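Here is the structure we will look at, set down as structure tokens.
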Amino acid sequence: MTIEECKFIEFPKILDERGNLSFLEEKTHIPFEVRRSYWIYDVPGGEIRGGHSYKENQEIIIALSGSFDIAVNDGSSERIISLNRSYYGLYVPAGIWRHMQNFSTNSLAFIVASKIYSEEDYIREYEIFKS
Ligand code: TYD
């Protein structure tokens, strides 16, 4: 798996003077069956989330509010991607090391995932991931 597989997904945007609306549908916009959603919020300034890889779990990460950066790493190259629009998601396949940083105040990261939570699916040591 390489970081080239990490791709932006643009969700529909229904512009409206009353406020905009976006949505996602499993088969239309998400390239996997959605088994779980979780969200990360109230991140203190300077904190880093993530710092692991998954063996099987695939994710789409959306900055529903505010902004943050995602660093994706395949063991040989790294790319830092900024998310700051609620109608874009970043697809991160299994087998990519990633962490999230530079969270803005009141930012909200929303993640849809292909697997239910399982600690056995995590690789939390970068050296083990690399090897
Ligand atoms: P973790 O995935 O390590 O957070 P991050 O990657 O954002 O730094 O999860 C932190 C803790 O939350 C860990 O103890 C496992 C637990 N957790 C669940 O119980 N269910 C979940 O869906 C997730 C994502 C985490």
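Please read these numbers as outputs of a predicted model, since none were measured by experiment.
- Counting heavy atoms of neighbouring residues, nucleotides and ligands inside a 6.0 Å radius, atom OH of Y41 does not exceed 12 of them.
- I111 is connected to V43 through a chain of hydrophobic side-chain contacts under 4.5 Å among Ile, Leu, Val, Met, Phe, Trp and Tyr, so both are in one cluster.
- Heavy-atom minimum distance, E5 versus P93: CB-CG, 3.7 Å.
- The side-chain heavy atoms of I61 and M100, taken from C-beta on, include a pair separated by under 4.5 Å.
- For the pair V72/H99, no side-chain contact is recorded, criterion being any heavy-atom separation below 4.5 Å from C-beta on.
- At a threshold of 4.5 Å between side-chain heavy atoms, the hydrophobic network of Ile, Leu, Val, Met, Phe, Trp and Tyr places L90 and F110 in two separate groups.
- Here the closest heavy-atom approach between residue D74 and residue I3 is recorded as OD2-N, 3.0 Å.
- To the nearest 0.5 Å, the span separating CD1 on I96 from CD1 on I70 amounts to 12.0 Å.
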Exercise. Would H52 and F129 satisfy ring-ring contact (aromatic ring centres under 6.0 Å, His included), going step by step from the backbone distance to the final call?
Worked result: CA-CA 8 Å; H52 54 70; F129 165 74; over 10 Å; no
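- Few gaps surround CG on D16; more than 12 heavy atoms of other groups in view lie less than 6.0 Å from it.
- Taking the six-membered ring where the residue is Trp, the centroids of Y117 and Y122 are separated by under 6.0 Å.
- Under the 4.5 Å side-chain heavy-atom criterion for ILVMFWY residues, no single connected hydrophobic cluster contains both W97 and I60.
- Hydrophobic clustering keeps F8 apart from I30 (ILVMFWY residues linked when any side-chain heavy atoms are closer than 4.5 Å, directly or through intermediates).
- In E125, the CD atom is not crowded: 12 or fewer heavy atoms of neighbouring residues, nucleotides or ligands sit closer than 6.0 Å.
- For the 3.5 Å distance criterion, the side chains of E59 and Y54 qualify, holding a donor opposite an acceptor.
- With a 4.5 Å cut-off on side-chain heavy atoms, S67 and S104 count as touching.
- Among all heavy-atom pairs drawn from N57 and K115, the shortest one is OD1-N, 3.0 Å.
- Linking Ile, Leu, Val, Met, Phe, Trp and Tyr whenever their side-chain heavy atoms come within less than 4.5 Å puts L108 and L24 in one cluster.
- In this structure, L15 places its CG atom where more than 12 heavy-atom neighbours from other residues, nucleotides or ligands lie under 6.0 Å away.
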Do any side-chain atoms of residues 77-89 form donor-acceptor pairs under 3.5 angstrom with protein atoms, and if so which ones, sequence neighbours left out?
residue: E78; atom: OE1; partner: N73; partner atom: ND2; Å: 3.3
residue: S82; atom: OG; partner: D69; partner atom: OD1; Å: 2.7

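- In this structure, OG on S131 lies 10.5 Å from OH on Y126, to the nearest 0.5 angstrom.
- A distance-only check finds a donor-acceptor pair linking the side chain of E26 to the backbone of V34 [under 3.5 Å].
- A search for ring-ring contact (aromatic ring centres under 6.0 Å, His included) contacts involving F68 returns F103, not counting sequence neighbours.
- Checking side-chain atoms of S22 against main-chain N and O of F11 turns up no donor-acceptor pair under 3.5 Å.
- Judged purely by atom type and a 3.5 angstrom limit, S114 uses its side chain to pair as donor or acceptor with the backbone of Q58.
- A side-chain donor-acceptor contact under 3.5 Å links K55 to the backbone of E120.
- For the atom pair C6 SG and Y91 OH, the distance stands at 8.5 Å (nearest 0.5 Å).
- Annotation: side chain of E56 is not in contact with side chain of S118 (no heavy-atom distance under 4.5 Å).
- Atom CD of E119 has more than 12 heavy atoms from other residues, nucleotides or ligands within 6.0 Å.
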